[in-house]
2 protein chains.
Amino acid sequence: MTEQSNISRRRRTKQAKGGADYEAKRAELLKIAAQLFKEQGFQATRLLDIAQAAGLDRATVYYYVGSKEELFHETVEGVLDANIAAAHALIADTELKAIERLRQIFVTLMVSYEDNYPATFVYIQEQMHQVGTEETVWAQEIMKKTRQFDQILLGFIREAVAQGDLREDIPARLAENALFGMLNWTHRWFVPGKGMSGKEVAEAFWSIFTSGMAHASVPA
Amino acid sequence: MTEQSNISRRRRTKQAKGGADYEAKRAELLKIAAQLFKEQGFQATRLLDIAQAAGLDRATVYYYVGSKEELFHETVEGVLDANIAAAHALIADTELKAIERLRQIFVTLMVSYEDNYPATFVYIQEQMHQVGTEETVWAQEIMKKTRQFDQILLGFIREAVAQGDLREDIPARLAENALFGMLNWTHRWFVPGKGMSGKEVAEAFWSIFTSGMAHASVPA
DNA sequence: GAAAATGTCAACGTCAACGTTGATGATGTA
DNA sequence: TACATCATCAACGTTGACGTTGACATTTTC
């Protein structure tokens, strides 16, 4: 908002002009920040932590970035848009049954979580603390998109129930919470490159969701 | 006698002596704090918020409570112990098969989440931000108990797999993350008294976990 | 009804994190 | 050589939240 200091002017000129080295260092800072946000939470992460992790003085960080919020916003930004875009692509494909759309969006999401790691996990982790209370335009926008995406998912589930591919005795909302609870909880334990891939996890979860975990009637 | 109005000394004397009104107000503060911790997160909640919600001056809160941390610790304390105790009770019952123990602990946990609302949800929400980084004795203790509890659950699942009651093609750890992902994610949407009860939710989730969500082969 | 205990708060000192300033040496560029 | 831009940081001012102090009313106790 109050962007009149000397350093912020220099930063803006620099950002406008571009400069490969400059952008690279900025990207590195973003990456480091995202990692720390995930590990310690946004509030608990100090700019000093970020600076130290990058081997810079705290003041130098401000040469690349306007504020802690800016780091946070850029970390999270785009993640939701990507998710919504993916969902819309599946809506457009009228060939698919709802259950298949649901499956695809589910797997796509998990893979996206993995690809954008740790950005998406920061989003999952922080939305309540940050966005839940705040009244800023940015926060409202994020909330709105979250709700939008939620409606799409719920729609898939309702449709799948109507088409006889999901049980009717469990409310759609609850089924959604079960399925995406499994998915979102991954932010507490999933680490890319360790153990199973995102795709494998998603497919196992999908299998549990649709077929369950109990041994079926012993089919050889 | 009147040892100068050293607040913390007065608080300690008061707490030692007891006093019904005093304890009641203290409990009310705890309740309010827990609610705010859940809504805004521990870090983002100021003592001023708590004081205002209680209709007191910020300084008055210190007559009942030593610090923000104390409120937090007391909010969370006991929850884990209760959970572990419940799990041990089920271990002691040698009559039960592992799958049944798992079912019971699952339902018990969800009911406990509901009963202790919002304390347990604060624990779920904050453990990373608070406990993950801190090195205090308290934090270490909580971490240790969390791991303990986790081991018990994992044991139940491994046993259930060995006894042929759960699929072998999905690793125990993953099954655990699926099941308790559904459960723990409730902290984002479940509100006691609204919609289904904790028990109903737990049973529906258990049904999904064991039987799945797909319509079986149309059994009339 | 005086003395003591109780609950309350206005005001204060302290500290940690934020974001800014102004200057410095380094690196190009004429 | 002279000059300009660059990346960096020591030091600063500011803010917001913490926890404490000391005194003031109100109630309790003797």
Side-chain angles (χ1 to χ4, degrees), chain A residues 1-29 33 36-37 40-73 129-130 133-134, chain B residues 1-29 33 36-37 40-73 129-130 133-134:
Chain A
M1 302 218 202
T2 35
E3 205 113 10
Q4 32 186 283
S5 66
N6 188 28
I7 198 141
S8 70
R9 231 173 288 133
R10 274 165 64 196
R11 181 179 354 101
R12 260 185 304 167
T13 351
K14 196 62 190 168
Q15 278 177 17
K17 272 200 199 164
D21 280 4
Y22 182 83
E23 285 305 328
K25 198 132 198 172
R26 192 166 189 283
E28 192 202 328
L29 278 173
L36 288 171
F37 289 158
Q40 319 180 342
F42 170 73
Q43 304 249 8
T45 303
R46 300 163 307 171
L47 230 55
L48 178 64
D49 298 328
I50 297 169
Q52 282 177 344
L56 296 175
D57 187 271
R58 206 167 52 80
T60 306
V61 172
Y62 284 99
Y63 179 55
Y64 295 97
V65 126
S67 70
K68 209 172 118 179
E69 257 76 21
E70 187 179 315
L71 280 168
F72 182 66
H73 289 185
H129 298 178
Q130 269 316 104
T133 316
E134 271 187 42
Chain B
M1 306 303 164
T2 342
E3 204 76 48
Q4 284 319 320
S5 35
N6 183 330
I7 264 272
S8 68
R9 192 166 302 164
R10 278 168 65 195
R11 183 187 343 106
R12 262 179 297 165
T13 347
K14 195 61 191 167
Q15 278 177 19
K17 271 202 200 163
D21 278 8
Y22 182 83
E23 284 305 329
K25 199 131 197 171
R26 192 165 188 284
E28 192 202 328
L29 278 173
L36 289 171
F37 289 158
Q40 319 180 340
F42 170 73
Q43 304 248 10
T45 303
R46 300 163 307 171
L47 230 56
L48 178 64
D49 298 328
I50 297 169
Q52 282 177 345
L56 296 174
D57 187 89
R58 205 168 51 79
T60 305
V61 173
Y62 284 99
Y63 179 54
Y64 295 97
V65 128
S67 70
K68 208 172 119 179
E69 258 77 21
E70 187 180 315
L71 280 168
F72 182 66
H73 289 187
H129 298 179
Q130 269 316 106
T133 316
E134 272 188 41

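Letters go in sequence order (proteins before strands), and every chain restarts at 1. Not measured: the values here are computed from a predicted model.
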Item to complete: Kindly assign one of parallel, tilted or perpendicular to the pair Phe72(A) and Phe42(A), based on the angle between their ring planes and the thresholds 30° and 60°.
Response: tilted

Fill in: Rounded distance (Å) that lies between atom C1' of dC18(D) and atom CZ of Phe72(B)
17 Å

Worksheet item: Between atom CD in Glu23(A) and atom P in dC6(D), what is the gap in whole Å?
Response: 14 Å

Fill in: Any Thr60(B) side-chain N or O less than 4.0 Å from OP1/OP2 of dG7(C)
no

Practice prompt. Show your working on side chain to side chain contact (heavy atoms under 4.5 Å, CB included) between Phe37(B) and Leu71(B) and close with a plain yes or no.
Written response: CA-CA 10 Å; Phe37(B) 289 158; Leu71(B) 280 168; 4.2 Å; yes

Item to complete: Find the distance between CG (Asp57(B)) and CG (Leu48(B)) and round it off to the nearest 0.5 Å.
Response: 9.0 Å

Worksheet item: Per the atom types in the model, does the base of dG19(D) pair as donor or acceptor with the side chain of Arg58(B) at under 3.5 Å?
Response: yes

Discussion item. How many whole angstroms separate atom CZ of Arg46(B) from atom C1' of dA16(C)?
Written reply: 17 Å

Discussion item. Any side-chain N or O of Lys25(A) below 4.0 angstrom from OP1/OP2 of dT8(D)?
Written reply: yes

Item to complete: Could you state the atom-to-atom distance from CG of Leu56(A) to P of dC6(D) in whole Å?
Response: 17 Å

Worksheet item: If only side-chain N and O atoms of Tyr63(A) are considered, is one of them under 4.0 Å from the OP1 or OP2 phosphate oxygen of dC9(D)?
Response: no

Worksheet item: Distance from Arg46(B) atom CZ to Gln52(B) atom CD, nearest 0.5 Å?
Response: 7.0 Å

Worksheet item: Pick the nucleotide of DNA chain C nearest each of Asp57(B) and Asp57(A); which residue has the one closer to the 5' end?
Response: Asp57(B)

Discussion item. Any side-chain N or O of Lys68(B) below 4.0 angstrom from OP1/OP2 of dC18(D)?
Written reply: yes

Fill in: Nucleotide dA7(D), atom P - distance to CD of Glu28(A) in whole Å
14 Å

Worksheet item: Nearest-Å distance, CZ (Phe42(A)) to C1' (dA17(C))?
Response: 12 Å

Item to complete: For Tyr22(B) and dT27(D), give me the distance from atom OH to atom C1', rounded to whole Å.
Response: 18 Å

Worksheet item: Taking all atoms of both residues into account, what is the closest heavy-atom pair of Lys68(A) and Leu47(A), and its distance?
Response: CG-CD1, 3.7 Å

Item to complete: Compare every heavy atom of Ala44(B) with every heavy atom of Gln43(A), then report the nearest pair and how far apart it is.
Response: NE2-CB, 3.3 Å

Discussion item. Rounded to whole Å, please give me the gap between CG in Asp21(B) and C1' in dT28(D).
Written reply: 12 Å

Item to complete: Determine the minimum heavy-atom distance between Tyr64(A) and Arg26(A), stating which atoms define it.
Response: O-NE, 2.8 Å

Worksheet item: Is the phosphate of dG7(C), meaning OP1 or OP2, less than 4.0 Å from a side-chain N or O of Tyr64(B)?
Response: no

Practice prompt. Take the C1' atoms of the five end pairs on each side of the helix from dG1(C)-dC30(D) to dA30(C)-dT1(D), derive the two axes, and give their angle rounded to 10 degrees.
Written response: 10°

